[in-house]
Participant: 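Quick one: the structure is below, questions incoming.
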Amino acid sequence: MFSLSTLVLLLQIFTINLHTTDAQVGMCYGTFGDDLPPANEVVSLYQDNCIQKMRLFDPKRDVLHALNNSNIELILGIPNIDLQQLATFPNEAITWVQNNVLDFFPNVKIKYVAVGNEVNPAVGDTYKVAKYVLPAIQNIYQAIRAKGLQDQIKVTTVIDMTMLGNTYPPSQSSFKAEVKSYIEPIIGYLVYANAPLLANVYPYYGYSSSPDDVALSYALFTSPDVVVTDGEYKYQNLFDAVLDSVHAAIDNTKIGYVEVIVSESGWPSDGGFGASDDNAKTYLEGLFRRAKTGSPRRPSKPTEIYVFSMFDENQKTPEIEKHWGVFHPNKENKFPIPCVKST
């Protein structure tokens, strides 16, 4: 039999672990605004609101300095414009890691380095840098591995979701034929390095582009019933269906298991069809609840999710891009968010 003191200790351990699984939601910190607070105030705002994870899109040193000893876990981004240099010259990758990782780690809890954002080799402007994504990942990884940190800092990328082909039903999802030569070697690297793939999941766009086909309740986590049945998997919200389409596309390559982290998700409060304070609030409430569980296809652990975005950013275009913030630039929150300590 357990003694009373042992039972108390076990209960404490269980409580700590429960809190850790609850605290899965981070916040993206975009800086395209001329009215945003300084970095040290932003970090304090994260701490005051129990936001313990941050995504930073490029290595702004004022933010990295402000994060020192904050205990906030970080996704540190490398912009697409830097990929060619880092892929072509390994010494540039070593210098980048020294300046932006080693100069701050471990006092800044850099958890992931995201090499490139939403690069697609088949469409759009990013096709020009697609050939540099994997070698840049590999060079950054080798620079981190040389310091013995490859198990603490994972190197990955953020996929462009339009690379997915048929996503309905989610289990039939696969990467389009024209991008397989790009994405499959990246997945192979992720399996080798035991690193996750990052994906930006936006039910808002699924709803706003096809409101006759996608019910608002399905997009906002408020549907009372299952909407899509896909064999053994049942979907009551569009977020899970989109996320599981990424899982299925990876699985259908037969390369190996890769975890998916949702590096962006949110709902705009203005600027477009279906964008409102009420809808944004409802979506965020559902997203925070959802983060405590897995998806139908990956039910065994909570989903790590980063909300887009911390602030409204008035220098972004088009208009709808200005209105994704959870906080106003004056640091007042638009919507209440749950404060869940991880320790």
Side-chain angles (χ1 to χ4, degrees), residues 16 20 23-31 38-83 85-87 89-117 133-158 186 189-190 192-198 258-264 304-307 310 341-343:
I16 289 171
T20 300
Q24 289 292 312
V25 179
M27 203 76 69
C28 298
Y29 176 19
T31 56
N40 63 314
E41 294 183 16
V42 174
V43 170
S44 294
L45 191 62
Y46 271 69
Q47 293 172 315
D48 292 345
N49 288 274
C50 309
I51 305 166
Q52 297 170 317
K53 300 174 186 289
M54 175 189 291
R55 180 182 176 193
L56 185 63
F57 294 92
D58 55 348
K60 295 185 179 298
R61 293 185 73 82
D62 60 331
V63 181
L64 292 171
H65 282 295
L67 285 167
N68 190 56
N69 294 321
S70 67
N71 207 37
I72 293 171
E73 293 181 346
L74 182 65
I75 299 178
L76 180 60
I78 297 179
N80 294 343
I81 195 172
D82 295 335
L83 296 179
Q85 191 82 354
L86 295 173
F89 304 104
N91 284 341
E92 292 289 333
I94 293 171
T95 300
W96 190 96
V97 168
Q98 179 63 56
N99 292 342
N100 301 299
V101 177
L102 301 179
D103 282 359
F104 297 95
F105 186 87
N107 291 338
V108 177
K109 297 179 66 175
I110 300 169
K111 188 176 182 182
Y112 310 110
V113 176
V115 181
N117 184 47
V133 174
L134 181 57
I137 289 173
Q138 291 169 326
N139 285 345
I140 294 293
Y141 171 80
Q142 291 299 336
I144 289 174
R145 184 180 181 183
K147 301 298 181 178
L149 297 174
Q150 71 275 11
D151 293 329
Q152 296 168 263
I153 304 171
K154 297 298 183 178
V155 185
T156 181
T157 191
V158 184
I186 291 175
Y189 153 79
L190 296 173
Y192 159 75
N194 191 28
L197 182 65
L198 308 186
V258 174
E259 183 180 358
V260 177
I261 290 169
V262 178
S263 46
E264 294 178 24
E304 189 170 346
I305 298 169
Y306 292 77
V307 173
M310 190 69 175
K341 294 288 189 181
S342 66
T343 59

Participant: Rounded at 0.5 Å granularity, tell me how far CZ in R55 sits from CG in L74.
Facilitator: 10.5 Å
Participant: Checking the side chain of N80 only, and the main-chain atoms of N117 only, is there a donor and an acceptor separated by less than 3.5 Å?
Facilitator: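 Side chain of N80 to backbone of N117, a donor-acceptor pair under 3.5 Å: yes, one is there.
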Participant: From N68 CG over to N107 CG, what is the distance, rounded to the nearest 0.5 angstrom?
Facilitator: 4.5 Å
Participant: Which value, rounded to the nearest 0.5 Å, describes the distance between I94 atom CD1 and I144 atom CD1?
Facilitator: 11.5 Å
Participant: Would you say that K147 contacts V101 through its side chain, given a criterion of any heavy-atom pair below 4.5 Å between the two side chains?
Facilitator: no
Participant: Please check: side-chain N/O of K154 versus main-chain N/O of L190, any donor-acceptor pairing under 3.5 Å?
Facilitator: no
Participant: As a quick check of understanding, evaluate side-chain contact (heavy atoms from CB on, under 4.5 Å) for V97 and L102, giving each step before the final call.
Facilitator: CA-CA 6 Å; V97 168; L102 301 179; 4.0 Å; yes
Participant: Quick one: pull up CD1 in I137 and OH in Y189 and give me the separation to the nearest 0.5 Å.
Facilitator: 6.5 Å
Participant: What pair of heavy atoms forms the shortest contact from W96 to G77, and how long is it?
Facilitator: CZ2-O, 4.2 Å
Participant: Is there a donor-acceptor pair under 3.5 Å between the side chain of T156 and the backbone N or O of A195?
Facilitator: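 Pair absent, no side-chain N/O of T156 close to backbone of A195.
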Participant: For Q52 and N71, run side-chain contact (heavy atoms from CB on, under 4.5 Å): C-alpha distance rounded to whole Å, both residues' side-chain angles, the deciding distance at 0.1 Å, then the answer.
Facilitator: CA-CA 7 Å; Q52 297 170 317; N71 207 37; 5.5 Å; no
Participant: Could you walk me through whether L45 and M310 pass the side-chain contact (heavy atoms from CB on, under 4.5 Å) test, one step at a time?
Facilitator: CA-CA 10 Å; L45 191 62; M310 190 69 175; 3.7 Å; yes
Participant: Donor-acceptor pair, distance only, cut-off 3.5 Å: does the side chain of N139 make one with the backbone of L86?
Facilitator: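 Here the side-chain-to-backbone pair exists.
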Participant: Is there a salt bridge (charged side-chain N to carboxylate O under 4.0 Å, His left out) between K111 and E304? Walk through the geometry before answering.
Facilitator: CA-CA 12 Å; K111 188 176 182 182; E304 189 170 346; 3.3 Å; yes
Participant: Would you check if F105 and Q152 make a side-chain contact, meaning some heavy-atom pair closer than 4.5 Å?
Facilitator: yes
Participant: For residues E264 and C28, report the shortest heavy-atom separation together with the two atoms involved.
Facilitator: CG-SG, 3.9 Å
Participant: Roughly how far, to the nearest 0.5 Å, is the CG atom of N69 from the NZ atom of K109?
Facilitator: 11.0 Å
Participant: Can you find a heavy atom in the side chain of L64 that is under 4.5 Å from one in the side chain of P59?
Facilitator: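 When only atoms from C-beta onward are counted, P59 and L64 do touch, with a gap below 4.5 Å.
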Participant: What distance separates F57 CZ from L76 CG, expressed to the nearest 0.5 Å?
Facilitator: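 So the gap between those two atoms works out to 11.5 Å.
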Participant: Check whether any side-chain heavy atom of D103 lies under 4.5 Å from a side-chain heavy atom of R61, and answer yes or no.
Facilitator: yes
Participant: What I'd like to find out is whether the side chain of Y112 reaches to under 4.5 Å of the side chain of I261, using heavy atoms alone.
Facilitator: yes
Participant: Of all heavy-atom pairs between L56 and D58, which one has the smallest distance, and what is that distance?
Facilitator: CG-O, 3.1 Å
Participant: With no hydrogens and no angle check, is any side-chain donor or acceptor of Y46 less than 3.5 Å from a backbone partner on L67?
Facilitator: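 Not confirmed, Y46 side chain does not pair with L67 backbone.
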Participant: Are side-chain heavy atoms of M54 and V63 found at a separation under 4.5 Å?
Facilitator: yes
Participant: Side chains of T157 and L197: does their closest heavy-atom pair fall under 4.5 Å?
Facilitator: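 With C-beta onward as the side chain, the pair touches.
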Participant: Is any side-chain heavy atom of I110 less than 4.5 Å from a side-chain heavy atom of N100?
Facilitator: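 Not in contact.
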Participant: Apply ring-ring contact (aromatic ring centres under 6.0 Å, His included) to F104 and list each qualifying residue two or more places apart in sequence or on a separate chain.
Facilitator: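 Here the qualifying residues are H65.
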Participant: Please find the pair of heavy atoms, one from A193 and one from Y141, that lie closest to each other, and give the distance.
Facilitator: CB-CE1, 4.0 Å
